[in-house]
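Numbers restart at 1 for each chain; the letters A, B, ... are given by sequence-line order, proteins then strands. Below, each value reflects all heavy atoms present in this structure, side chains not excepted, and no hydrogens, waters or symmetry copies.
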Amino acid sequence: MKRIAAALALAFAAACGNDPYPASDAASRVLYVPYAEAPKTLDPQVAYSVYDHEVIANLYETALEYHYLKRPFELIPALVEAVPEPQPRADGRIAYRFALRRGVRFAADPCFGLGTPGATQREVVAADWAFALQRIADPKVGSPVGATFAKIVGFSAFAERLAQLREREPGFAALRIDAQYARAGPVEGIATPDPWTLEIVLGEPYPQILYWFAMPFTSPVAWEAVAAYDGEAGRPRFAERAVGTGPYRIAEYAKRRRIALERNPTWWGVEHAGAGAPAAVYPIEGEPGDAEAGLLPDGVAGGPLPFLDRIEMRYEKELIPSFTKFAQGWYDRSKIPKESFDQAARGGTLSPEMQARGMRLDRTVMPGVYYVGFNMGDPVVGHAAGERGRKLRQAMSLAIDAPEFLRVFLNGRGIPAQSPVPPGLFGYDEHYRNPYRQVDLARARRLLAEAGYADGVDPATGRALRLTFDTGDPSVQARLRYEFLVAAWRRLGIDVEVAATSYNQFQEKVRRGAYQVFFWGWIADYPDPENFHFLLWSEMSQTRSGGPNSANFSDPRFDALFLDTRARANDAARLAGIRRMRALLEEERPWIEMFHPEDYSLSHAWLRLAKPSGMTMPVHKYWTVDPAARAAARAAWNQPVRWPAYALGALVVALLVPGVVTYLRERQ
Amino acid sequence: MEGHVAGNLGAAALVLLLAFAAWRVRGSRRGRERFGEIVRRRPWASAVVALYLGVALLDSFAWIDAAAPGTVAAPRSLLDRVFPADFGERSYSAPLADAEFYGGEPLAHPGRHLLGTDILGRDVLHLALGGARVALLIGGVTSLLAIPLAIAFGVAAGYFGRRVDDVVFFVLSTLASIPSLLLLVALVMVLGRGTLQVCVALAITSWVGFCRVVRGETMKLRELDYVQAARALGVSDARILARHVVPNLGHLVVITFVLTFSQLVLSEAILSWLGVGIDGSWGQMIDQARDELARDPVIGWNLGAASAALFGLILAVNRLGDAVRDVLDPRTLRERAG
């Protein structure tokens, strides 16, 4: 009996607290964040999703990184001594020479015993960079960015040689991976003159290649790790085991429960702290407003990174419980569920209760654009319709109210787009107002009449002009959004029918070019306007090459400007070119630009130095927390409410008493 | 042919059919008695079903006005004409509210949306009433497809027996062994989206049960004395079927029609919820309201209106169906007499 009472008391005591973490962590600098989706892979050459990169960015490093505070984004050297300059060659090829940082070591791992018996660590050399690039080419690795790196001379040839050898020679595929690559021979355009120099040669000018060296795809990888972690005989796969150079390493990797990262004690930034390399210390300067936002406090600028001892990521499939735990202080940062949005952040500012708790709302415009596109290959709305088609597109553009769309469907999370280039990128102009992206029905009707569709009547049929809006999303939620657009065009007398099919059928329609109007979005890989303009480059045309130019826009004037601005540095000439492209798109209207999406997240007051970025980049090494403030807040916000327990107990007693009384009476 | 013209013709045919049925019922004493009996037993359910039928018919007759220049001429039904032409708001508004639900901007028609408006600012009462036509269409068209199918196969299997019975029964068992919801979704995927396609899919999954009943009833009828006598006299099979078997299945048809009707409407709601339903149905309204319930503050009127409309029709039809069975089924008649 005594033991039962003790157990009950214990259970009751435990029920009084809701702290999910060990008490010993309360005083250390641990970051607690939820994640909604587990990484699919930790292989840096393969990983492409935000969820993958969130973890990988802490484990692997890249040649270049983005400046943490400055906007527009600026490249800084990370694993290299300096950002390389393009070196044009006589034959039209362009070379980049990366001077690699010395003394960078892979995190300790037993796999290095493969190279030197007994070794647990090794310095990163140029061959590891070449190995990573070869892995992108390797068809077996399945890297999603092979097409981009095919601009490196001899890149595709290497991939073909490798595939042929695997096919023809029986024992080849069983060779160790480094031996396979050695047999396939080097990539012509990748050279390693000495262990600390990497040189790549491109067949054509492509200045944007440097941005790819700021993405995990190009992270140096040790062949020992790839060879050792092959997923056979109980060994983990390389996709589940990270051997990188990053400031953190994996402490626990239970994908469906918890991912814990701890400091990498042999990170080069720590070992060579005195060097003050830009990617190893907190920035000294930022953009205007950063100091006011508390991002440049005294004593931090120039200080050695990282600040956090540990990063605790917890799997939270559902946003609402995750948000509740955030509100209780158990997570340091959270997204806002759509459902709670109106309660939490109406009109772009936090609710008074949340402000009183010191929470902070971080709004950041994503480098992306959503748009309504016209299929320019269509005879009615496209190029073939000439001036009539252009005026029709202009009129349809004038009818769509993007701010209203944002208000109705996205709680206003986004800014109306005037051109394809989103804020934060070179060439974005916040004062620019696209004359065709303001609602003006009178002008739209005039244009429609000039196009020969007076009052929306198609002279060929004598009825309202009939267009089809094609989509591969038949859900009701999507349908409502498209109904909004259709209703706007109806006001002009144009009858647009929504043709919602399954995604496969839609893809088939797109492949055949049998579509007219569609809705699409694009999030940038890297912060350069080229990543948006190429969506309208005729070479990328969907029907011609299967590229992402779904509008099939094809205009020689635009192509010339695109190729010219693509190869230029961010100078006045490039800006002028971008302006000319903008003016061209303004008139031609292959797209009705809708909005640039905005990301809202909430942070607690004790999470410091966290600047929202919108780009995939390592950020956690710059963040810090104040454990004392966090512990105090958690204690204050999680006062147990005991009366329901007492009430429940009273109820149980009340139910038992009559029974006991009856029992006793019966026994007498 | 334009959609609304077909709709008008269908509705006209339905009205004629109802008038003909009424005339026949009035014409015979037994018919009058039975009809009176059903209404007497379930006055409320009858009234509700009649109300739904009326709303659905109102929504079925549509025509296009001479279009004002610069607008898309859309057919408007009698029901649409009950509501003002431009009755929309910009987005959500609560029932009878004066201002928008989020943001609080004034409405174009303050206090006039009895059940509020949905995310696109459409009047929820109007949408809910419009769902009646879709429900009737689903039940009606599907029954028109399924009942002849079931009678043809059921009678053939029950009357001829042996090989025919084996084949028909094999088909029935096969169809019955596939989970009907999976089969429905697969059929809609194959046939494509659209009202007729969904009805065809529903018909394919729903004729099985009825076919079994018909088969059993036919087997019983085949052994009756007068059928045996007709056969002995050398009357052809076709004539026996037409004169003696099929007419005796009449009460079964009516009972099954009423009882499957509500089942079909419910099935469509489930299909809509899975994203493959018919535009404008209550199921689709419920699907649309899926994430509205999780909002804070909650938006419940959309879901509430559609659910109440669906619930009301199904309850009334089921209640009526019980009465119809009691009155028409010879077995229950006999029980009452005994």
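Rounding to the nearest 0.5 angstrom, the gap separating the CG atom in Asp279(B) from the CZ atom in Arg479(A) is 4.0 Å. Here Phe484(A) contributes atom CZ and Ser91(B) contributes atom OG; the two are 9.5 Å apart, rounded to the nearest 0.5 Å.
Interface remark: Arg407(A) contributes side-chain atoms only to the contact with chain B (heavy atom separation under 4.5 Å). For a residue to count as touching a neighbouring chain, one of its non-hydrogen atoms must lie under 4.5 Å from one of that chain's; by this rule Glu404(A) touches chain B with the side chain only.
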From CA spacing to verdict: side-chain contact (heavy atoms from CB on, under 4.5 Å), Gln288(B), Leu480(A) = CA-CA 9 Å; Gln288(B) 204 185 100; Leu480(A) 289 170; 3.4 Å; yes

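At a heavy-atom separation below 4.5 angstrom, chain A is approached by Ile119(B), Leu120(B), Arg122(B) within residues 118-126 of chain B.
Residue Asp287(B) comes nearest to Gln477(A) through the heavy atom pair O-NE2, 3.4 Å, listed as atom of the first residue, atom of the second, then distance.
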